[in-house]
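Beneath this line is the structure, given in structure tokens, with notes to follow.
Order of the sequence lines sets the chain letters (A, B, ...), proteins ahead of strands, with each chain counted from 1. Keep in mind that this is a model prediction, so the values were computed, not measured.
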Amino acid sequence: MTIENIGSAEGKEVTLRGWVYKHRSKGSIAFIDLRDGTGICQCIASKNDMSEEKFEMAKSLTQESSLIINGIVKKEDRAPGGYELQVTDLNIIQIAKDYPITKKEHGPDFLTEHRHLWLRSSKQHAIMRVRASVVKAIRDFFDGNGFKLMDSPLLTPNACEGTTTLFETQYFDIGKAYLSQSGQLYAEASAMALGRVYTFGPTFRAELSKTRKHLTEFWMVEPEMAFFDLNDDMDLAEDLVEYIVQYVLKTNQKELKTLERDTTKLENIKRPFYRMSYTEAVEWLNKNNVPLIKKMPDGREEEIPFPWGEDFGAVQEEAIMEQFDKPLIIHRYPSEVKAFYMKRDPENPKVVLAMDMLGPEKAGELIGGSQREDDYDLLLERIIRENLPVEDFQWYLDLRKYGTVPHSGFGLGVERTVKWITGASHIREVIPFPRMIHRIVP
RNA sequence: UCCUGAGUAGCUCAGCUGGUUAGAGCACCUGACUGUUAAUCAGGGGGUCCACAGUUCAAGUCUGUGCUCAGGAGCCA
């Protein structure tokens with residue numbers, strides 16, 4: 001029997017196995033909030049219902065002690081979960097001494113230091129269950145829409161986008177290898193073989209970013225589709241995000257309640273979402289007096305009207321998103337600020353067929369994607385202009401040499417998505433063991 | 001990496017203008033209590049005040065350097 005479905009055993013005697021979440025003893029009655037991984041159940045040990053020896057055991061329990069409890073399930077409105085267990089017998093596996101995480105508040109450093117224990121706390125437990133649902137929703141969505149899972153390698157010989165900093169390691173006597181920062185280039189090759197594919201795994205960025213939205217190791221799902229143009233790509237991104245949010249709403253009401261999440265905001269996440277071109281976004285910024293804050297050479301900051309061609313920062317994205325209660329896709333960015341593999345817009349060669357999806361409620365960038373450059377000469381030209389090693393991209397260029405087709409894809413950050421849906425205040429809370437600048441333990 | 005702030009009991013923090021034996025709540029231990037749910041009440045133990053150097057009759061408190069952490073920026077998902 002698990003606590004998750006204890007209601008089905010009302011009136012029956014059951015065995016629960018778990019850990020003491022909280023413990024209160026009061027004369028000849030003891031309250032044990034038992035945690036079994038699926039939920040928490042209040043257990044009542046009363047002196048009249050058990051032997052003297054067992055009752056003394058019940059009174060001696062400490063936080064996170066492990067035990068096996070027998071008792072009768074009763075409906076009880078005074079109990080937190082609606083049901084409680086009238087204890088008839090209990091056996092202690094271990095008495096835990098001095099559990100470090102107490103009922104009072106703790107600082108972020110202490111909690112992160114004790115991440116292996118912090119995961120047992122009810123909010124962290126709820127977040128991890130939502131995370132599992134998000135991952136399942138992603139897999140169900142793609143598997144049910146004709147996609148095949150084609151994972152990309154994590155050890156790679158070159159940079160995908162050539163811009164961000166990579167983790168480096170020695171690969172036998174062949175030379176340097178790098179931890180992948182994106183599976184996209186390989187996904188493109190896979191899409192040319194299987195049509196519609198997705199790659200799903202951890203990615204690594206050695207950037208020195210220190211914000212509540214960044215991890216050095218995070219999970220990303222990247223679909224890649226042959227014969228998809230940018231519009232098809234944006235449609236698919238919206239479908240995916242709608243599916244994930246609605247799946248979590250269907251599956252995790254209890255967890256969202258534990259997290260005190262306003263679910264009406266999530267219920268609203270249904271297509272159509274909003275779309276805006278980069279050029280329209282710049283016009284909006286200038287109409288609403290959201291300037292670009294520019295660092296001058298002497299260290300002073302100066303505010304200037306937002307110039308077309310500059311990439312958006314957090315200030316611009318948040319200002320734009322304040323008016324939206326659903327995700328917004330911004331598309332057709334200036335080619336200078338985007339990666340080499342993105343296809344130029346045939347109608348305006350100054351922009352590329354790229355898109356970013358921003359979430360509401362300060363969720364930030366959830367998705368980045370594009371239609372890919374499918375012309376051999378144009379792609380080669382971009383690789384050379386970005387000073388990337390052409391030899392390393394020979395296999396990638398081959399995809400444009402042997403039966404090239406229009407194709408598109410995007411990457412969705414799992415942690416950013418879970419952070420948004422759960423309302424967690426920091427991204428370190430939405431991955432079991434966060435990897436951040438200055439932290440690799442536990 | 002840059003900017004800002006913090007580091008005092010196991011945890012979260014207070015500690016004034018430098019001054020005698022450094023405090024509180026929680027946690028822990030002992031006792032009381034049959035409906036608690038951050039239980040309550042009484043008692044008890046618990047300190048390298050981040051480190052090093054300096055100023056001073058005197059430093060948790062002032063100064064410098066280093067270390068650690070947090071928040072933010074840029075970059076990104």
Just call it for Ile367(A): base, sugar-phosphate, or nothing, with non-hydrogen atoms closer than 4.0 Å on any strand.
-> sugar-phosphate
Does OP1 or OP2 of rG71(B) have a side-chain N or O of Arg428(A) closer than 4.0 Å?
-> yes
Could you check whether the rings of Tyr198(A) and Phe147(A) sit parallel, tilted or perpendicular, using 30° and 60° as the cut-offs?
-> perpendicular
Step by step, work out the ring-ring contact (aromatic ring centres under 6.0 Å, His included) result for Phe312(A) and Phe306(A).
-> CA-CA 9 Å; Phe312(A) 299 141; Phe306(A) 198 91; 5.4 Å; yes
Which part of the nucleic acid, if any, lies within reach of Pro100(A) when heavy atoms closer than 4.0 Å are counted: base, sugar-phosphate only, or nothing?
-> nothing
Should Asp109(A) and Arg439(A) count as an ion pair when the cut-off is N to O under 4.0 Å?
-> yes
Nearest to the side chain of Glu207(A) - rA70(B), rC75(B), rA73(B)?
-> rC75(B)
Which whole number of Å gives the distance between the P atom of rA22(B) and that of rA59(B)?
-> 14 Å
NA contact type, Leu366(A), heavy-atom cut-off 4.0 Å: base, sugar-phosphate, or nothing?
-> sugar-phosphate
Same-atom distance (C1') from rC50(B) to rG45(B), integer angstrom | 25 Å
Separation between the P atoms of rC13(B) and rC76(B), rounded to whole Å = 35 Å
Thinking salt bridges, do Asp235(A) and Arg275(A) make one under a 4.0 Å N-O criterion?
-> yes
Does the side-chain ring of Phe31(A) sit on the six-membered ring of the rG35(B) base, less than 5.5 Å centre to centre and under 30° in tilt?
-> no
Salt bridge check: are Asp233(A) and Arg372(A) linked by an N-O gap of less than 4.0 Å?
-> no
Report the nucleotide, chosen from rU37(B), rG71(B), rC69(B), that has the shortest atom-to-atom distance to any side-chain atom of Asp109(A).
-> rC69(B)
Pair of N/O donor and acceptor under 3.5 Å linking rC76(B) base with His214(A) side chain = yes
Rounded distance in Å - CG (Leu179(A)) to P (rC76(B)) = 20 Å
Short side-chain N/O contact to rA27(B) OP1/OP2 from Thr102(A), under 4.0 Å | no
For atom NE2 of His106(A) and atom P of rC13(B), their distance in whole Å | 11 Å
Whole-Å gap separating P (rG10(B)) and CG (Leu111(A)) = 17 Å
Closest approach of His116(A) to Pro442(A) (non-hydrogen atoms, all atoms of both residues) | ND1-CG, 3.7 Å
Could you tell me whether Arg24(A) and Asp33(A) make a salt bridge, using a distance below 4.0 angstrom between a side-chain N and a carboxylate O?
-> yes
Gap in Å between the two P atoms, one belonging to rC11(B) and one to rU63(B), rounded | 26 Å
Across all strands shown, which nucleotide pairs with rA6(B) by Watson-Crick or G-U wobble geometry, both distances under 3.5 Å?
-> rU68(B)
Reckon Arg212(A) has a side-chain N or O less than 4.0 Å from the OP1 or OP2 of rG72(B)?
-> yes
In terms of side-chain heavy atoms of Arg439(A), which of rA77(B), rG35(B), rA70(B) is nearest?
-> rA70(B)
For the pair Lys350(A) and Glu336(A), find out whether any cationic side-chain nitrogen is under 4.0 Å from an anionic carboxylate oxygen.
-> no
Parallel, tilted or perpendicular: which describes the rings of Tyr278(A) and Trp308(A), with under 30° parallel and over 60° perpendicular?
-> perpendicular
Look at the side chain of Asn48(A) and the base of rU34(B), then say whether one donor and one acceptor between them are separated by less than 3.5 Å.
-> yes
Could you state the CZ-P distance from Phe312(A) to rA77(B), rounded to the nearest angstrom?
-> 15 Å
Which base sits across from rU1(B) as a Watson-Crick or G-U pair, both distances under 3.5 Å?
-> rA73(B)
Determine the Euclidean distance between corresponding P atoms of rA9(B) and rG60(B); express it in Å to zero decimal places.
-> 14 Å
Starting at atom OH of Tyr333(A), determine the distance to atom C1' of rC76(B), rounded to an integer number of angstrom.
-> 12 Å
To the nearest Å, give me how far apart OH (Tyr21(A)) and C1' (rU36(B)) are.
-> 16 Å
Expressed as a whole number of Å, how far does the P atom of rU56(B) sit from that of rA42(B)?
-> 49 Å
If only side-chain N and O atoms of His438(A) are considered, is one of them under 4.0 Å from the OP1 or OP2 phosphate oxygen of rA70(B)?
-> no
Rounded to the nearest 0.5 Å, what separation is found between the OG1 atom of Thr199(A) and the CG atom of Asp151(A)?
-> 4.5 Å
As its Watson-Crick or G-U partner within any shown strand, both distances under 3.5 Å, rG23(B) has rC13(B)
When you compare the protein's N or O atoms with those of nucleotides 38-41 of chain B, which come within less than 3.5 Å of each other, and at what distance?
residue, atom, partner, partner atom, Å
rA39(B), OP1, Lys103(A), NZ, 2.2
rA39(B), N6, Ser25(A), O, 3.4

Just call it for His426(A): base, sugar-phosphate, or nothing, with non-hydrogen atoms closer than 4.0 Å on any strand.
-> sugar-phosphate
Side chain of Arg78(A): nearest nucleotide among rA77(B), rU36(B), rG71(B)?
-> rU36(B)
More 5' along RNA chain B: Thr62(A) or Glu84(A), using each one's nearest nucleotide?
-> Thr62(A)
With both distances under 3.5 Å as the test, what is the Watson-Crick or G-U wobble partner of rG44(B)?
-> rC28(B)
May I ask you to check whether over 12 heavy atoms, not counting those of Lys54(A), lie within 6.0 Å of atom NZ?
-> yes
Nucleotide rA77(B), atom P - distance to CD1 of Ile330(A) in whole Å | 14 Å
Counting any heavy atom closer than 4.0 Å, what does Ala30(A) reach on the DNA or RNA strands: base, sugar-phosphate only, or nothing?
-> nothing
Distance between C1' atoms of rU61(B) and rU17(B) (Å, rounded) | 11 Å
rU48(B) to rU8(B) separation - C1' atoms, rounded to the nearest Å = 12 Å
Note: for Ile44(A) and Val414(A) on RNA chain B, the residue whose nearest nucleotide lies more 5' is Ile44(A)
Using purine N1 to pyrimidine N3 plus N6-O4 or O6-N4 for Watson-Crick, or N1-O2 and O6-N3 for G-U wobble, each under 3.5 Å, what pairs with rC62(B)?
-> rG54(B)
Any donor-acceptor pair under 3.5 Å between the side chain of Ser209(A) and the base of rC75(B)?
-> yes
Separation of rG71(B) atom P from Ile437(A) atom CD1, nearest Å, is 12 Å
